[in-house]
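Within every chain, numbering begins at 1; the chains are lettered A, B, ... in the order of the sequence lines, protein sequences first and strands thereafter.
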Amino acid sequence: MLRLHDTATAQVCPLALRQPGAVSLYVCGPTVYDAPHLGHGRFALVFDVLRRYLIASGLEVTYVSNITDVDDKVIERAHTEGVEPAVLARRYEEVWWTAMDALGVLRPDHVPHATAYVARMVELIAELVARGVAYETPDGVYLSTEAVPGYGLLAHQPLDTLRAGARVETVEAKRSPLDFVLWKKAKPGEPTWPSPWGPGRPGWHTECVVMSLDLLGEGFDVHGGAIDLIFPHHENERAQAVALGRDFAHHWVHNGWVTVAGEKMSKSLGNFTSLDDLLARSDPRAYRLLVVRAHYRSPIEVTPETIRQAESGLARLDELARRFGLADLLATGGPVTSVTGAGEDDLDQAAVARFVERMDDDLDTPAALSGIFELAREANAAADAGHDQPAARAARTAAHLAAVLGLSLRGAQPTVEDPEVLDLMARRDVARAERRFADADALRAELVERGWVVEDAAEGTRVRRP
RNA sequence: GGCGGCGUGGCCGAGUGGUUUAGGCAGGGGCCUGCAAAGCCCCGUACGGCGGUUCGAUUCCGCCCGCCGCCUCCA
């Protein structure tokens with residue numbers, strides 16, 4: 001059984017399921033006001049790997065991830081660009097899904113949008129007011145954090161220190177600096193919805209409570225997101241559920257930062273890096289490999305150098321798939337439904353067991369990945385020694401386990417259509433057959449110049465991209 | 001200031017109280033090859049510093065140094 005770090009207890013503990021055989025996950029999705037950056041890519045990949053692994057473990061997974069399509073930033077950006085907030089949100093949501101598809105991230109089972117849940121958020125807020133834990137001010141409705149038992153559970157910090165750091169609000173009506181806004185009363189030029197407190201819009205922290213409980217029900221299994229969401233976002237979500245007496249998430253999972261040159265990547269630091277840029281400049285699978293080769297709670301350093309290293313590793317695995325003709329049995333990108341495979345003899349079950357053991361240990365993907373590379377070496381070594389059966393089994397196992405992580409290896413030969421290249425290849429074969437090696441080398445140089453790596457295979461000259 | 005994390009060989013990045021090595025990338029040597037490429041084999045005796053616990057610590061404890069994050073919208 002999978003053991004996972006839980007932010008609430010700060011310990012690695014078995015993932016206890018509400019319902020045996022089924023897992024419910026809620027992962028905080030993006031606010032769609034801009035194109036996604038590397039950090040968005042990481043959290044999406046981390047939870048995609050978790051989800052895929054749970055599926056491969058034989059569990060029925062329900063994965064919910066929201067789109068925040070109304071928020072200060074959306075409104076602000078929409079004004080800047082002179083479009084309706086809804087138009088802007090839709091535009092960036094499309095950009096989001098394009099990037100997710102490129103990364104091979106599975107679409108969530110449910111994608112709730114904040115704007116579709118406003119009426120239910122109003123109901124929830126009204127209930128909080130009725131219970132006396134929320135109060136109205138001239139500009140909105142706030143939750144009284146002091147009325148919530150255990151507030152600060154996720155933050156792991158004494159309340160007074162949180163209080164000391166709380167932002168200076170212009171709203172003097174707030175009873176405590178830690179209290180947070182549930183409903184924002186309308187300001188001119190903003191999208192609004194009706195409510196008992198007049199027209200306005202919901203605060204950020206309410207949507208996830210309403211949507212997760214609606215789609216997954218009380219006491220759902222896992223609530224995830226990046227580490228920065230712990231406080232205040234997840235703390236505040238939890239506070240609302242607790243205040244209502246509803247059982248909320250049982251397990252909190254948070255992934256670490258992406259750093260650039262050792263520092264947190266962020267717009268304010270000016271080292272912001274667009275996910276689209278990365279995907280355009282490198283094999284999208286390289287980012288998955290980079291993410292998976294570090295533990296999900298560790299920071300990862302994304303630089304041209306680390307990306308290049310990941311691409312080299314990927315090339316090694318692709319070469320394996322090519323050597324063993326694995327193109328046809330590689331994942332289509334969909335989830336692998338059984339980590340042990342369909343026919344047990346197909347795979348090296350001892351290696352699978354090691355993989356499972358490592359993954360079960362708080363998703364130790366770096367160790368799991370090292371096992372895949374070891375299988376690659378074993379497969380090549382066995383094949384070099386003429387032991388075809390064990391070699392093929394090791395190679396299949398490597399590709400299969402990579403697919404469990406969502407990494408599809410490319411076993412297909414690149415199809416060369418350029419007649420010039422085909423001609424150079426053919427002429428080189430003739431030259432080599434006639435042992436005119438100087439000519440053959442000159443032809444190889446020409447192919448290299450065109451950006452190909454040239455290899456001599458049994459069937460003759462073979463080319464691939466570096 | 002409060003809270004927390006980290007510091008591993010050229011780079012990335014796991015892990016462990018000692019008796020066997022993470023793994024990848026890069027580099028060196030060898031095998032293979034007409035030469036290469038790919039692949040395989042071999043190679044670096046790494047764990048921030050100072051003490052302590054211990055028969056023995058990179059791994060436990062303390063202190064110090066350095067780096068980073070959170071406490072505020074943020075993936």
Do you know the tightest heavy-atom contact between [X] and [Y]?
X	Y	value
A/Leu215	A/Pro112	CD1-CG, 3.7 Å
A/Arg465	A/Arg450	NH1-O, 3.4 Å
A/Ala383	A/Arg323	CB-NH2, 3.5 Å
A/Leu275	A/Met100	CD2-CE, 4.2 Å
A/Leu38	A/Ser274	CD2-O, 4.1 Å

**Item:** Donor on one side chain, acceptor on other, A/Asp362 and A/Tyr296, under 3.5 Å
**Value:** yes
**Message:** When you compare the side chains of A/Thr115 and A/Asp69, does any donor N or O come within less than 3.5 Å of an acceptor on the partner?
**Reply:** yes
**Fill in**
Letter by letter from the 5' end, nucleotides 2-8 of chain B scores (B base, S sugar-phosphate only, - none; protein heavy atoms under 4.0 Å) BS-----
**Asked** Reading nucleotides 35-45 of chain B 5' to 3', which nucleotides get B (base under 4.0 Å from a protein heavy atom), which S (sugar-phosphate only), which -?
**Response** BBBSSSS----
**Item:** Within-4.5 Å side-chain heavy-atom neighbours: A/Asp276 and A/Val95
**Value:** yes
**Item:** Min side-chain heavy-atom separation A/Leu363-A/Val253 under 4.5 Å
**Value:** no
Can you tell me how far [atom2] of [N] sits from [atom1] of [X], to the nearest Å?
X	N	atom1	atom2	value
A/Glu93	B/rA75	CD	P	15 Å
A/Glu357	B/rG15	CD	C1'	13 Å
A/Arg293	B/rC12	CZ	P	9 Å
A/Arg288	B/rC12	CZ	C1'	20 Å
A/Leu407	B/rG24	CG	P	16 Å
A/Leu314	B/rC12	CG	P	20 Å

**Prompt:** Relative to the 5' end of RNA chain B, which residue comes earlier, A/Gly225 or A/Arg435, by the nucleotide with the nearest heavy atom?
**Reply:** A/Arg435
**Message:** Can you say whether a donor on the side chain of A/Glu374 sits under 3.5 Å from an acceptor on the base of B/rG23, or the other way round?
**Reply:** no
**Asked** Any N or O donor-acceptor pair linking the side chain of A/Glu301 to the base of B/rC12 at under 3.5 Å?
**Response** no
**Prompt:** Between A/Phe180 and A/His205, what is the ring plane arrangement, given parallel below 30°, perpendicular above 60°, and tilted in between?
**Reply:** perpendicular
**Message:** Can a donor-acceptor pair be found, under 3.5 Å and without considering hydrogens, that links the side chain of A/Thr31 to the backbone of A/Tyr33?
**Reply:** no
Quote, to the nearest angstrom, the [atom1] distance that separates [N] from [M].
N	M	atom1	value
B/rU54	B/rC42	P	40 Å
B/rG62	B/rC70	C1'	26 Å
B/rC65	B/rC50	P	15 Å
B/rU59	B/rA22	C1'	15 Å
B/rA46	B/rU8	C1'	6 Å
B/rC64	B/rC47	P	23 Å
B/rA57	B/rC3	P	32 Å
B/rG49	B/rG7	C1'	11 Å

**Complete:** Where RNA chain B forms runs of at least three Watson-Crick or G-U pairs (i with j, i+1 with j-1, under 3.5 Å), the stems are B:1-7 with B:65-71, B:10-12 with B:23-25, B:27-31 with B:39-43, B:48-52 with B:60-64
**Prompt:** For A/Thr306 and B/rC11, is the shortest distance between a side-chain N/O and OP1 or OP2 below 4.0 Å?
**Reply:** no
**Asked** Planes under 30° and centres closer than 5.5 Å, is that true for A/Phe373 with the base of B/rG23?
**Response** no
**Prompt:** Between A/Asp360 and A/Tyr53, does a side-chain hydrogen bond (donor to acceptor under 3.5 Å, both in side chains) hold up when you go through it step by step?
**Reply:** CA-CA 9 Å; A/Asp360 278 350; A/Tyr53 182 63; 2.8 Å; yes
**Prompt:** Is the distance between the ring centroids of A/Phe220 and A/Phe248 under 6.0 Å?
**Reply:** yes
